[in-house]
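Reviewing the structure listed below.
Below, read A as the first sequence line, B as the second, and so on, with proteins coming before strands; counting in each chain starts at 1.
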Protein chains: 2
Amino acid sequence: MGENNAAEILRKAGMKKTAGRVALLKLLLESEKPLSQQEISRMLKGVELNYVSIYRSLEAFCRAGITHRIETGDRTWRFAVCSCGGRGHCHPHFICNSCGAAECLRGMEIPELPAVNREYVVEATEFYLKGLCARCSSEV
Amino acid sequence: MGENNAAEILRKAGMKKTAGRVALLKLLLESEKPLSQQEISRMLKGVELNYVSIYRSLEAFCRAGITHRIETGDRTWRFAVCSCGGRGHCHPHFICNSCGAAECLRGMEIPELPAVNREYVVEATEFYLKGLCARCSSEV
DNA sequence: ACTTAACTGCAAATAACTTGCATTTAAATA
DNA sequence: TATTTAAATGCAAGTTATTTGCAGTTAAGT
């Protein structure tokens, strides 16, 4: 399943097909939410991948445009596979102020701004919605 | 000038008018850019304010809606006074990928998203533009 | 002047990430 | 298939922004 997919993505990006990276990428491909290194370490099954290697792999994935990185406000990076292949985010992200979970709003586009005047070069945009996720808002 | 203004803001927020907080708030009021704790420590003149106290004051300011906090991607908070008084950001922010400087795009509004369906409660939105600032883009 | 809750400083703790370096290994090449 | 090599890994240690605990100080209300 995602295994071949992951291997293929690695190949196309010119990366070595190691057990660790295949498992990591597979996990990200199957996750609907962006994951932190800790979450990844907890969820990785069948492979032991040192947390330093996880960071380095994620960095490589981001450099290759395979994933993007988001910041949820708790000073931890989270990572999600990225369909657009670009450097920035391809959609807005929702962050729950209560449980801290992050979510890709895949159906939506990041709205354009009415042109940043002057000599600024805009390379990427990020749009975060913060509030209560479905679960937390119903738990009140 | 900003001194009275700062004192007045503190009073309205029910905070004590200490030399440290007045100087801190004055500095933020006069800064056109969001500032990090380190930048603040470097820029504060005439007063010694321990960096822990700076953090605690900034936290209090944010709680009171006096300032907002932004994340530039380098894992450091930056703070700027906030005209809208709300909890979220009142405008988009620009972050330079080269020099790391942050900037409030005060003239602009954060665009609305076409309604986040389902039972999500959106409390705040944050919009970041990342790229090269005027100085860095001309330095190439 | 007195009282008190807010504010402050210092030292130490957290925690997420990064770096250096020696070892392993996938995959290109002979 | 054997050889080579650059990429990937693990471990230990380092970095650094931010937080926490606690004891001492002070603004401001009475």
What distance separates A:Leu132 CG from A:Ile95 CD1, expressed to the nearest 0.5 Å?
-> 13.0 Å
Can you tell me how far P of D:dT15 sits from CG of B:Asp74, to the nearest Å?
-> 19 Å
Taking only N and O in the side chain of A:Arg21, is any of them less than 4.0 Å away from OP1 or OP2 of D:dT9?
-> yes
Take the protein atom CD of B:Glu59 and the nucleotide atom P of C:dT8, then report the distance between them rounded to whole Å.
-> 13 Å
Could you walk me through whether A:Glu39 and A:Arg78 pass the salt bridge (charged side-chain N to carboxylate O under 4.0 Å, His left out) test, one step at a time?
-> CA-CA 9 Å; A:Glu39 292 169 324; A:Arg78 280 158 205 269; 3.1 Å; yes
Ordered by number, residues from residues 49-57 of chain B within less than 4.0 Å of DNA chain C (heavy atoms) are B:Leu49, B:Asn50, B:Tyr51, B:Val52, B:Ser53, B:Arg56, B:Ser57
Atom CG of B:Leu35 and atom P of D:dA17 are separated, to the nearest Å, by 15 Å
In whole angstrom, give the distance that lies between atom CD of B:Glu71 and atom C1' of D:dT16.
-> 17 Å
Sort me out a list of protein N/O and nucleotides 28-30 of chain D N/O pairs below 3.5 Å, or just none if empty.
unit_1	atom_1	unit_2	atom_2	d
D:dA28	OP1	B:Lys17	N	3.0

Less than 6.0 Å separating the ring centroids of A:Phe61 and A:Phe79?
-> no
B:Arg42 atom CZ is separated from D:dA17 atom P, nearest whole Å, by 10 Å
By nearest nucleotide on DNA chain D, pick out whichever of A:Ala19 and B:Arg75 is the more 5' one.
-> A:Ala19
Rounded distance (Å) that lies between atom C1' of D:dT19 and atom CZ of B:Arg63 = 14 Å
Separation of B:Leu44 atom CG from C:dT8 atom C1', in whole Å?
-> 14 Å
To the nearest angstrom, the CG-P distance between A:Leu24 and D:dA8 comes to 12 Å
side-chain N/O A:Trp77 vs C:dA16 OP1/OP2, d < 4.0 Å | no
Is any side-chain N or O of A:Gln37 closer than 4.0 Å to OP1 or OP2 of C:dC17?
-> no
Working to the nearest 0.5 Å, report the span between CD of B:Glu126 and CD1 of B:Ile70.
-> 9.0 Å
What is the ring orientation for B:Phe94 with A:Tyr120, classed by angle as parallel under 30°, tilted 30 to 60°, or perpendicular over 60°?
-> perpendicular
Between A:His91 and A:His93, is the ring centre distance below 6.0 Å?
-> yes
Pair B:Glu123 + A:Lys130, salt bridge at N-O below 4.0 Å | no
Starting at CD of A:Glu30, measure out to CG of A:Leu25 and round the result to the nearest 0.5 Å.
-> 10.0 Å
Could you state the interatomic distance from CH2 (A:Trp77) to CD (A:Glu59), rounded to the nearest 0.5 Å?
-> 11.5 Å
